[in-house]
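Below, each value reflects all heavy atoms present in this structure, side chains not excepted, and no hydrogens, waters or symmetry copies. Throughout, protein chains are lettered first and strands after them, A, B, ... in sequence-line order, and every chain is numbered starting at 1.
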Protein chains: 2
Amino acid sequence: MSEALWDRSRCSVAGTLAVVGEKWSLLVLREAFLGVRRFADFQRVLGAPRAVLTDRLNTLVEQGILRRVPYQAEGERQRHEYRLTQKGVDLHPVLVALMRWGDQYLAEDGEAALELRHRDCGEPVHQVLVCEAGHQLSGARDVRPVPRGSRA
Amino acid sequence: MSEALWDRSRCSVAGTLAVVGEKWSLLVLREAFLGVRRFADFQRVLGAPRAVLTDRLNTLVEQGILRRVPYQAEGERQRHEYRLTQKGVDLHPVLVALMRWGDQYLAEDGEAALELRHRDCGEPVHQVLVCEAGHQLSGARDVRPVPRGSRA
DNA sequence: TCGAGTGAGTTCGTCAAGTGAACTCAGCCG
DNA sequence: CGGCTGAGTTCACTTGACGAACTCACTCGA
């Protein structure tokens with residue numbers, strides 16, 4: 001059994017969840033990917049309590065996932081908005097995976113709200129696993145998790 | 001701006017998080033993918049409070065992500081273990097995405113604990129986006145989210 | 001210059017959820 | 001019978017989420 005043979009304390013799943021696993025964090029990022037940048041817009045579309053939203057945005061900025069950018073709208077004082085960094089953009093696969101599972105299992109009546117398409121050709125996109133030899137894997141059963149450093 | 005043009009109430013990201021977004025749920029599934037099946041093993045490797053673990057396992061069973069399978073070890077009474085259903089297996093991409101981000105950004109010192117390899121050829125695997133025309137996308141910026149039903 | 005308006009954030013009382021230790025319960029075994 | 005073990009419950013405590021009210025800084029219209 002593999003469950004005793006690796007070090008849970010450095011598990012990347014747990015580590016990532018420690019950063020973005022709190023309530024609202026991933027929903028904030030979903031909106032960020034859709035172009036939302038200002039506090040009031042996050043608050044309005046998410047309906048999250050202001051205190052929580054403040055905390056989540058601060059945490060995401062501290063973690064380098066969002067960055068604060070100053071701006072001024074006409075007739076307003078200078079404020080800052082929140083934009084994804086590269087580190088934040090790299091969380092895109094997490095949101096895509098969550099979205100696809102929800103589309104598959106939770107969207108019985110009616111349809112899912114959003115669809116992802118290739119910007120260049122307009123075709124729907126899917127998330128797949130490929131190996132470095134170029135094979136496309138058919139699912140989780142084609143994957144073998146090995147402790148880092150094991151022999152192939 | 002796209003942020004006003006779609007229906008958040010049927011967002012699949014939020015829906016999926018409502019099912020598996022509670023504390024410990026995704027870590028339970030991580031262990032399930034690694035072969036853990038019994039309550040005591042989940043409890044031991046995760047260190048989660050028993051009450052929470054009971055609740056999370058029950059929720060995952062109710063949601064059809066795990067199923068209870070009876071078994072008896074020699075010299076013990078009959079118990080049940082928890083196994084992934086297809087619905088549970090389909091959450092694999094979520095865990096892979098979380099793991100890859102953590103590998104990339106949280107594993108500075110030392111190495112990530114686990115690596116994913118193709119069962120057939122032994123090569124490391126990566127998660128990528130492809131479109132139905134066969135193009136491989138290079139990242140989040142190649143994706144255009146469109147409200148379902150929009151023109152291509 | 002004053003007062004209302006607004007975006008962003010804080011404070012506060014309340015309530016839900018997570019935590020860890022102690023307790024329960026059922027069946028097997030000596 | 002009496003103890004052991006895996007699974008689960010109960011309980012007191014702490015942490016986190018919630019929503020309304022309040023604060024603060026700045027702009028604008030009067």
Just verifying a value: how many Å separate H118(B) NE2 and Q136(A) CD, rounded to the nearest 0.5 Å?
10.5 Å
Which whole-number value in Å describes the distance from Y71(A) OH to dT27(D) C1'?
14 Å
If we count only N and O atoms by modelled type, under 3.5 Å, do the side chains of Q86(A) and D90(A) hold a donor and an acceptor together?
yes
Rest of the hydrophobic cluster containing V128(B) (Ile/Leu/Val/Met/Phe/Trp/Tyr, side-chain heavy atoms under 4.5 Å)?
V128(A), V130(A), V130(B)
Reading DNA chain C in the 5' to 3' direction, which nucleotide is the first one with an atom under 4.0 Å from a heavy atom of chain B, and which is the last?
dG18(C) to dC29(C)
Without decimals, in angstroms, what is the distance between K23(B) NZ and dT15(D) C1'?
8 Å
For E81(A), what residues pass the side-chain hydrogen bond (donor to acceptor under 3.5 Å, both in side chains) criterion, not counting sequence neighbours?
R83(A)
Give Y82(B) one of three labels, base, sugar-phosphate or nothing, depending on what nucleic acid heavy atoms sit under 4.0 Å from its own.
sugar-phosphate
If I take atom CZ from residue R30(B) and atom CG from residue L95(B), how far apart are they, to the nearest 0.5 angstrom?
9.0 Å
Interface with DNA chain C, restricted to residues 47-58 of chain B and to heavy atoms under 4.0 Å:
P49(B), V52(B), R56(B)
Check the distance between dA17(D)'s P and E22(B)'s CD and give it to me in whole angstrom.
13 Å
Looking at R44(A) and D41(A), is any side-chain nitrogen of the basic one under 4.0 Å from a carboxylate oxygen of the acidic one?
yes
Could you give the CG-to-C1' distance, from D41(B) to dT5(D), as a whole number of Å?
13 Å
Atom pair distance, as rounded to whole Å: CZ in R79(A) and C1' in dA25(D)
8 Å
Give every residue pair that meets the ring pair (Phe, Tyr, Trp, His ring centres under 6.0 Å) criterion with at least one member in residues 35-77 of chain A, sequence neighbours excluded.
none
Does the pair R100(A)/D103(A) count as a salt bridge with the N-to-O cut at 4.0 Å?
no
Quickly work out the F39(B) CZ to dG6(D) P distance and round it to whole Å.
12 Å
Is there a side-chain polar atom (N or O) of W24(A) under 4.0 Å from OP1 or OP2 of dC18(D)?
yes
For residues 80-108 of chain A, which residue pairs pass the ring pair (Phe, Tyr, Trp, His ring centres under 6.0 Å) check, not counting sequence neighbours?
F33(A)-H92(A), H80(A)-Y82(A), W101(A)-Y105(A)
